[in-house]
**Student:** 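One structure, as structure tokens, below. Some questions next.
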Amino acid sequence: QVQLVESGGGLAQAGDSLRLSCAASGRTNNKPAMMGWFRRAPGKEREFAAAIIWSGGYTYYADSVKGRFTISRDNAKNTMYLQMNSLKLEDTAVYYCAAKQGRVGPFMSTKTYDYWGQGTQVTVSS
């Protein structure tokens with residue numbers, strides 16, 4: 001089992017920056033094939049934000065965050081990050097990190113991932 005814990009959420013103003021972290025613990029000897037960030041805005045379904053292929057560091061972004069958010073990982077710390085710049089009101093959501101073991105899969109699908117964190121709230125105000 002792998003446990004994922006997000007941190008770094010909070011209240012920000014439009015245009016500000018926040019950095020989310022996702023720390024993995026438990027059976028982390030086998031690195032994940034990929035990890036991702038998803039978010040759920042009020043009244044909406046969970047949606048893909050960003051993903052990273054762990055071994056090669058390849059990254060993928062939703063169009064809504066491309067150019068503003070940066071996903072990264074620290075292999076030694078078993079931690080993934082989401083640097084969020086130029087925050088917008090519509091970025092308000094609960095942000096979840098997720099991990100996929102074994103092989104890489106469709107990174108935008110919630111069904112791909114094996115483990116999920118409990119989420120961290122990000123609220124952007126004007």
Side-chain angles (χ1 to χ4, degrees):
Q1 287 286 343
V2 174
Q3 292 79 43
L4 303 176
V5 178
E6 303 97 335
S7 61
L11 183 63
Q13 289 192 321
D16 283 354
S17 298
L18 283 175
R19 188 176 82 153
L20 305 183
S21 298
C22 173
S25 61
R27 289 191 174 183
T28 57
N29 288 340
N30 293 327
K31 301 301 182 183
M34 58 191 291
M35 293 188 71
W37 286 100
F38 288 76
R39 64 186 186 181
R40 178 180 287 164
K44 296 186 177 181
E45 294 187 353
R46 193 174 302 194
E47 66 174 13
F48 168 77
I52 186 166
I53 307 302
W54 197 266
S55 62
Y58 301 104
T59 58
Y60 305 90
Y61 298 94
D63 288 342
S64 57
V65 307
K66 196 175 296 181
R68 300 187 298 121
F69 289 12
T70 302
I71 188 172
S72 62
R73 87 277 191 253
D74 185 323
N75 193 46
K77 295 182 178 180
N78 294 318
T79 301
M80 176 180 65
Y81 304 97
L82 186 67
Q83 177 66 43
M84 306 187 296
N85 298 331
S86 303
L87 284 164
K88 302 178 179 181
L89 297 180
E90 52 264 40
D91 293 322
T92 294
V94 177
Y95 283 73
Y96 300 88
C97 68
K100 168 76 169 68
Q101 292 190 320
R103 293 188 174 186
V104 173
F107 53 86
M108 294 181 66
S109 173
T110 58
K111 297 179 181 180
T112 294
Y113 298 85
D114 302 308
Y115 302 101
W116 290 85
Q118 292 191 328
T120 185
Q121 176 71 47
V122 171
T123 302
V124 183
S125 63
S126 59

**Student:** Return each pair, listed once, that meets ring pair (Phe, Tyr, Trp, His ring centres under 6.0 Å) where at least one residue sits in residues 43-82; pairs must be two or more places apart or across chains.
**Tutor:** Phe38-Phe48, Phe48-Phe107, Tyr60-Phe107

**Student:** Which value, rounded to the nearest 0.5 Å, describes the distance between Met84 atom CE and Arg68 atom CZ?
**Tutor:**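 Between atom CE of Met84 and atom CZ of Arg68 there are 9.5 Å.
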
**Student:** With side-chain contact (heavy atoms from CB on, under 4.5 Å) as the test, pick out the partner of Leu18 among Val122, Leu82, Val124.
**Tutor:** Val122

**Student:** Heavy atoms, side chains only, cut-off 4.5 Å: are Thr120 and Val94 in contact?
**Tutor:**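 No, every pair of side-chain atoms sits at 4.5 Å or beyond.
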
**Student:** How close do Ile71 and Met35 get, heavy atom to heavy atom, and via which atoms?
**Tutor:** CD1-O, 4.2 Å

**Student:** About how many Å separate CD of Gln3 and CD of Gln118, when rounded to the nearest 0.5 Å?
**Tutor:**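 Gln118 atom CD to Gln3 atom CD measures 10.5 Å (nearest 0.5 Å).
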
**Student:** If you measure from CD on Gln121 to OG1 on Thr92, what distance do you get to the nearest 0.5 Å?
**Tutor:**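 Separation between the atoms: 7.5 Å.
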
**Student:** Is the backbone of Gln101 close enough, under 3.5 Å, to the side chain of Asp114 for a donor and an acceptor to pair up by distance?
**Tutor:** yes

**Student:** What is the distance from atom CG of Leu4 to atom OG of Ser21, rounded to the nearest 0.5 Å?
**Tutor:**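 That separation rounds to 12.5 Å.
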
**Student:** If you measure from CG on Asp16 to CG on Asp91, what distance do you get to the nearest 0.5 Å?
**Tutor:** 11.5 Å

**Student:** Which one of Glu6, Arg39, Arg40 satisfies the side chain to side chain donor-acceptor pair (under 3.5 Å) criterion with Tyr95?
**Tutor:** Arg39

**Student:** Examine Arg46 relative to Tyr96 and say whether NZ or CZ is less than 6.0 Å from the centre of the six-membered ring and inside a 45° cone about the ring axis.
**Tutor:** yes

**Student:** Should Trp116 and Thr110 count as side-chain neighbours, where that means a heavy-atom distance under 4.5 Å?
**Tutor:** yes

**Student:** Any chance CG of Asn75 has more than 12 other-residue heavy atoms, nucleotides or ligands included, within less than 6.0 Å?
**Tutor:**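 Correct, the count exceeds 12.
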
**Student:** Please give me the minimum heavy-atom distance between Ala24 and Val2, naming the atom from each residue.
**Tutor:**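 Smallest heavy-atom distance, with atoms named: CB-CG1, 4.2 Å.
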
**Student:** Say whether, by atom type as modelled, one donor and one acceptor occur between the side chain of Ser64 and the main chain of Ala62 under 3.5 angstrom.
**Tutor:**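 Side chain of Ser64 to backbone of Ala62: no pair is present.
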
**Student:** With a cut-off of 6.0 Å (strictly less than), are more than 12 heavy atoms of other residues, nucleotides or ligands near CD of Glu45?
**Tutor:** no

**Student:** On a heavy-atom basis, which atom in Tyr113 and which in Ala51 lie closest, and how many Å separate them?
**Tutor:**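 Between these two residues, the closest heavy atoms are OH-CB, 3.9 Å.
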
**Student:** For Lys100 and Tyr115, run side chain to side chain contact (heavy atoms under 4.5 Å, CB included): C-alpha distance rounded to whole Å, both residues' side-chain angles, the deciding distance at 0.1 Å, then the answer.
**Tutor:** CA-CA 7 Å; Lys100 168 76 169 68; Tyr115 302 101; over 6 Å; no

**Student:** Show your working on side chain to side chain contact (heavy atoms under 4.5 Å, CB included) between Ser126 and Leu89 and close with a plain yes or no.
**Tutor:** CA-CA 7 Å; Ser126 59; Leu89 297 180; 4.1 Å; yes

**Student:** If you measure from OG on Ser17 to CD on Gln83, what distance do you get to the nearest 0.5 Å?
**Tutor:**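 Going from OG on Ser17 over to CD on Gln83, the span is 5.5 Å.
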
**Student:** Test side chain to side chain contact (heavy atoms under 4.5 Å, CB included) on Cys97 and Met80; report intermediate values, then the result.
**Tutor:** CA-CA 8 Å; Cys97 68; Met80 176 180 65; 3.6 Å; yes

**Student:** State, to 0.1 Å, how close Met34 and Thr112 come at their nearest heavy-atom pair, and which atoms those are.
**Tutor:**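 Looks like SD-CG2, 4.4 Å.
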
